[in-house]
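Beneath this line is the structure, given in structure tokens, with notes to follow.
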Amino acid sequence: MAEAAVKLGSDAAQAELTDGFHLIIDALKLNGIENIYHVPGIPVTDLGRMMQAEGLRVISFRHESNAGNAAAVAGYLTKKPGVCLTVSAPGFLNGLVALSHATTNCWPMILISGSSEREIVDLQKGDYEEMDQLAIAKPLGKAAYRILHAEDIGVGVARAVRAALSGRPGGVYLDIPASLLGQTMDALQGEKSLIKVVEPAPAQFPSQVAIDRALNLLKSAKKPLIILGKGASYAQCDDLVKEFVEKSGIPYIAMSMAKGLLPDDHPQYAGAARSLVLKDSDCVMLVGARLNWLLSHGKGKQWGEPFTKKFIQIDIDPKEMDSNQPIDAPLVGDIESVLTMMVKGMDGWKKPSEEWTGAVAAKSAENVEKMSGKLMSNAVPMDFHGALGRLKRIFADNPDAVLVNEGANTLDFARSIIDMYKPRKRLDVGTWGVMGIGMGTAVAAAVETGQPVVCIEGDSAFGFSGMEIETICRYKLPVCIVIFNNSGIYRGTDTDPTGRDPGTTVFVPEAKYDMMMEAFGGVGVTARTPDDLERAVREAIASGKPTLVNAIIDPQAGTESGRIGNLNPQSVVQKKK
Ligand code: ADP
Ligand code: TZD
Ligand code: MG
């Protein structure tokens, strides 16, 4: 075939031939994909280049884990699959943590990896980066597909898009052998072979019987509680969620990433009275939240056991019901459809008694008051409260800014102290509590939303993806990274009892992370006082320049594992010593 005859643009009508490269690009574009999170190399270097040339935005990372985490959270933010493109074997493997993370969090993502030819892989002839990638990816995502022929690219991409978005969203793997990319076919036939997926996540309504059951249960409750989860913020029916909560008059709490779905200063928000509402409520309605470890499986003293509660749950996945506690009123469907029906049935709704809502409000006010003193701390070296008190004000003044948060103490304190005012503004470690989501998440947040991003990072957490500050500087993204530098994991005070090495949880004391940022042309600042910190972050948001603020925190201030130290197993032998 003459080189010139191969289609190199999107004007298919005039060209005779197209090829695998272009068909993949056209199929992704046809399905609304705009951004690709990528690390180049054999066999996908040219695919990345051509994607960029054809108008997709391609963000090249330094490590596939971070590109993958970016794609995963892009899926959460946009309700479209986030796409990560990697090389074969090691690049593919690096992308798998993110694929699993996306699946675990119920976020739509597609991991596309180049691979070796089937003939070589299947007979294990020893190719460059040889691996049976499809087999390995299968158990880690919702689906995994391989495309062998150019004429199947349309089907392959369509299946990946639909699998990622339909039902409970999740990660999908798409295997692209190198030889597929160069395969040619008639351009018109190629164009016809592409599929634009129609209604990948169709509305799913529950029966009226299920709605009536739930409404009756909710009506009969004396102390009802609503728990909003990140499934509800993913659903992007923010006004409807607000209408339902306000019409019901029921106190609600928000799981970490659902914070801000309704503003955290809403009068019905019971976040500051979390212990009280979990313990004393008699009927709990879960809206896109699972009764997993993050809610102590709905069991134990925290939930007021042995007293039993009634549960209502909205979830797109019927298998979620009864996974931890019996669900008295399951509402299987998408949140928008379910809440539309619920709201319709609430005319003349009687709100819960003042006795209940008043008790919750009083407890909230008491706890907020208790906390407010600590947030004024001007101690040097800074403690978590003194530093976060200032950042809390900054977010109140900049409600459009996106907060990325990871660490242990740094995560737990920031989650409870910093209020969010708008939906999908708080992005964090998700269901697994993954350290290393930070910089990938920050890049995706900046690219997908165009808003300023402020990352609040434990110094350990930051280390997992820190090299991507080069990516942030290269693409000139409006990202401000605040490192809570307590010189270690949880604390900076551990020692090796034998005296030979540093303790297992400590780092170089007061490491100068700000100099890393300067190395790439960004702004680096050391902040030792709350005033320094506040000034630096406000300047970063105003300038939009990539900035890293190295906030020096008292190495003694943190506690083991933050708020979840109870999950650590204890050695009996050690205790006896
Ligand atoms: P959180 O960690 O905030 O509690 P989870 O990730 O545990 O939230 O739960 C989210 C739930 O939301 C999942 O069970 C998922 O199936 C569900 N979900 C996701 N999207 C929708 C939707 N559009 N409608 C209904 N349920 C959804
Ligand atoms: N590896 C991965 C991928 N995820 C994890 N969650 C961990 C390791 C274990 N881990 C945590 O759960 S928190 C944490 C680790 C290593 C770091 C805590 O230290 P930090 O935060 O500096 O980020 P604080 O503020 O010092 O507590
Ligand atoms: Mg630390």
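Whatever order the structure lists them in is the order used to number ligands and atoms, beginning at 1.
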* Metal check, the Mg ion (ligand 3) vs A461 N/O/S, cut-off below 2.8 Å -> no
* To do: Look at the N, O or S atoms of N486, main chain and side chain alike, and state whether any lies under 2.8 Å from the Mg ion (ligand 3).
  => yes
* Structure fact -> Judged by heavy atoms only, the candidate from D317, D315, L295, N105 nearest atom 16 (O) of ligand 1 is D315
* Can a non-hydrogen atom of G433 be found less than 4.0 Å from any atom of ligand 2? -> yes
* Asked: Is it true that Y490 lies under 4.0 Å from ligand 2, counting heavy atoms only?
  -> yes
Return the closest protein heavy atom for [atom] as residue, atom name and distance.
| atom | result |
| --- | --- |
| atom 16 (C) of ligand 2 | S460 OG, 3.7 Å |
| atom 14 (C) of ligand 2 | M435 CG, 3.6 Å |
| atom 22 (O) of ligand 2 | D459 OD1, 2.6 Å |
| atom 21 (O) of ligand 2 | A408 N, 3.2 Å |
| atom 19 (C) of ligand 1 | G231 CA, 3.8 Å |
| atom 10 (C) of ligand 1 | G288 O, 3.1 Å |
| atom 4 (O) of ligand 1 | M255 CG, 3.3 Å |

* Asked: What about G488: any of its N or O atoms under 3.5 Å from an N or O on ligand 2?
  -> yes
* To do: Ignoring angles and geometry beyond distance, decide whether F464 reaches within less than 3.5 Å of ligand 2 through its nitrogen or oxygen atoms.
  => no
* Considering just N/O/S atoms, say which atom of D459 is closest to the Mg ion (ligand 3). => OD1
Any nitrogen or oxygen of [X] lying under 3.5 Å from a nitrogen or oxygen in ligand 1? Just yes or no.
| X | answer |
| --- | --- |
| R168 | yes |
| E320 | no |
| P169 | no |
| Y234 | no |
| R290 | yes |

* Hey, is G333 one of the residues with a heavy atom under 4.0 angstrom from ligand 1? -> yes
* Closer than 4.0 angstrom: is that true for some heavy atom of C106 and an atom of ligand 1? -> yes
* Where does N486 meet ligand 2, judged by heavy-atom distances below 4.0 Å: at the side chain, the backbone, both, or neither? -> side chain
* Asked: Which bit of F384 gets closer than 4.0 Å to ligand 2, counting heavy atoms only: side chain, backbone, both or neither?
  -> side chain
* **Flag if over 12 foreign heavy atoms under 6.0 Å of NZ, K374** => no
* To do: For D239, look at atom CG and say whether over 12 heavy atoms of other residues, nucleotides or ligands are found less than 6.0 Å away.
  => no
* Structure fact -> Atoms of ligand 2 under 4.0 Å from any heavy atom of G407, numbered from 1 in the order shown, are 21 (O), 23 (O)
* Asked: Near A235, which atoms of ligand 1 are under 4.0 Å from a heavy atom of that residue?
  -> 23 (N)
* Quick one: does R563's side chain get under 4.5 Å of F413's, heavy atoms only? -> yes
